[in-house]
There are 2 protein chains.
Amino acid sequence: MTHHGEVTRSPARLRRLPTRLLSLAAMLSDRLVNEGLAHADARKWHYAVLATLEEAGPVSQAELSRRTGIYRSDVVAVINELAGRGLVERAPDPADRRRNVITMTRQGLDRLRSLDAVLAALEDEVLAPLTGPERDQLTGLLTRLVDHHAGSTGCA
Amino acid sequence: MTHHGEVTRSPARLRRLPTRLLSLAAMLSDRLVNEGLAHADARKWHYAVLATLEEAGPVSQAELSRRTGIYRSDVVAVINELAGRGLVERAPDPADRRRNVITMTRQGLDRLRSLDAVLAALEDEVLAPLTGPERDQLTGLLTRLVDHHAGSTGCA
DNA sequence: AGGTTCCGTTTGTGACACTAACGTTAGTTA
DNA sequence: TAACTAACGTTAGTGTCACAAACGGAACCT
């Protein structure tokens with residue numbers, strides 16, 4: 001629920017620009033997702049970290065940064081938030097005292113499960129106008145875009 | 001050219017999430033586009049405004065806001081920048097003294113032409129991994145996504 | 001004349017990607 | 001063993017962007 005009800009037509013020039021469409025679509029999608037997650041007292045990084053921990057087991061913060069794409073500087077705050085909620089535990093690594101080992105707690109796993117559901121519903125809302133095969137098509141195309149450009153930046 | 005060369009695999013869970021793919025792709029695309037435009041002393045809003053002016057002729061700032069999706073608060077700065085470069089002229093509307101009428105100058109039109117070229121090249125770079133038909137598919141899917149969700153927010 | 005709505009503008013906020021620097025620790029090489 | 005290099009976690013800060021809130025002025029409507 002935001003504002004101006006009257007939608008004026010934007011120029012065809014702009015409407016067809018794929019890059020514009022892309023950031024516009026991402027913006028709308030992000031908005032829905034962030035709202036939905038906020039409503040569940042979470043942010044998308046929370047999910048990313050928890051999902052990574054489930055797949056990879058306990059890892060260092062730097063490793064989390066690499067796998068999720070969160071900047072190394074920002075991992076700190078995310079872990080703080082998760083640890084503050086008891087979803088994750090931060091402990092110094094005895095084997096390498098530079099590292100912190102991040103471990104998911106039982107509550108963290110439960111949380112991940114519920115976020116899985118929340119996110120699935122949100123995905124469904126975002127992709128509402130597309131059929132199943134079309135959704136696959138879209139993710140396929142996007143994946144190829146991302147993979148192609150990820151090489152130059154290093155983001156996974 | 002950013003940083004970390006070693007790309008660690010991100011969890012399959014995350015890689016397949018359409019919403020994540022969408023914002024990731026948009027991020028990479030935006031980065032390329034912004035860099036390219038900055039290199040030409042422009043920003044994407046400059047292009048959006050100039051393109052709108054060419055299609056719609058002289059209009060008020062509020063109208064520009066509606067057509068481009070720029071927030072009404074932010075139009076001011078964009079017009080300042082464009083006017084400062086002599087690409088656009090801001091004049092009070094004699095018919096309605098609340099309004100400013102924004103008119104594209106001759107230089108503005110030239111600028112729009114060159115930005116057209118810059119942007120076409122950037123589009124091509126972003127969509128590099130996709131074939132022609134695939135690009136159409138992508139813009140088609142994205143358009144449907146955007147149109148579907150634009151109704152609820154009001155953005156064009 | 002009064003109330004409502006639109007206009008342009010200023011100021012501010014919160015989120016996010018990103019940079020820079022520091023102290024600590026590990027590995028590597030001299 | 002000593003010195004260099006590189007990775008780690010952390011703090012602080014930058015710039016950008018979408019967005020909100022409030023204002024004075026001007027138009028419209030009754």
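In what follows, every chain begins at residue 1, and chains take the letters A, B, ... in the order their sequences are listed.
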Rounded to whole angstrom units, what separation is found between the [atom1] atom of [X] and the [atom2] atom of [N]?
X	N	atom1	atom2	value
D30(A)	dC17(D)	CG	P	16 Å
L64(A)	dG9(D)	CG	P	9 Å
E81(B)	dT9(C)	CD	P	14 Å
R99(A)	dG23(C)	CZ	P	22 Å
E63(A)	dC8(D)	CD	P	8 Å
L24(A)	dC17(D)	CG	P	15 Å
M27(B)	dC16(C)	CE	P	12 Å
D93(A)	dT24(C)	CG	C1'	14 Å

message = Tell me whether T143(B) contacts the main-chain N or O of T139(B) through its side chain, where contact means a donor paired with an acceptor under 3.5 Å.
response = yes
key: Any donor-acceptor N/O pair, E125(A) side chain to L32(A) backbone, under 3.5 Å   = no
request  = Please tell me which of I70(A) and P94(A) maps to the more 5' nucleotide of DNA chain C, matching each residue to the nucleotide holding its nearest heavy atom.
outcome  = I70(A)
message = Can you work out whether D96(B) or W45(A) has the more 5'-proximal nearest nucleotide on DNA chain C?
response = D96(B)
Hey, are [X] and [Y] close enough for a salt bridge, meaning a charged N less than 4.0 Å from a carboxylate O?
X	Y	result
E81(A)	R43(A)	yes
R135(B)	E123(B)	no
E55(A)	R67(A)	no

It should be established whether [X] places a side-chain nitrogen or oxygen under 4.0 Å from OP1 or OP2 of nucleotide [N].
X	N	value
R90(B)	dC7(C)	no
Y71(B)	dC17(D)	no
R66(B)	dC7(C)	yes
R43(A)	dC16(C)	yes

request  = On DNA chain D, check which nucleotide each of N100(A) and D74(A) is closest to and give me the residue with the more 5' one.
outcome  = N100(A)
ask   = Which listed nucleotide (dG9(D), dT9(C), dA27(D)) is nearest to the side chain of Q61(B)?
value = dT9(C)
query = Does R98(B) make a side-chain donor-acceptor contact with the base of dC6(C), cut-off 3.5 Å?
reply = yes
message = I'd like to know if S73(A) reaches the base of dT19(C) with its side chain, counting only an N/O donor and acceptor under 3.5 Å.
response = yes
inquiry  = Over all strands shown, is R72(A) touching base, sugar-phosphate only, or nothing at heavy-atom distances under 4.0 angstrom?
reply    = base
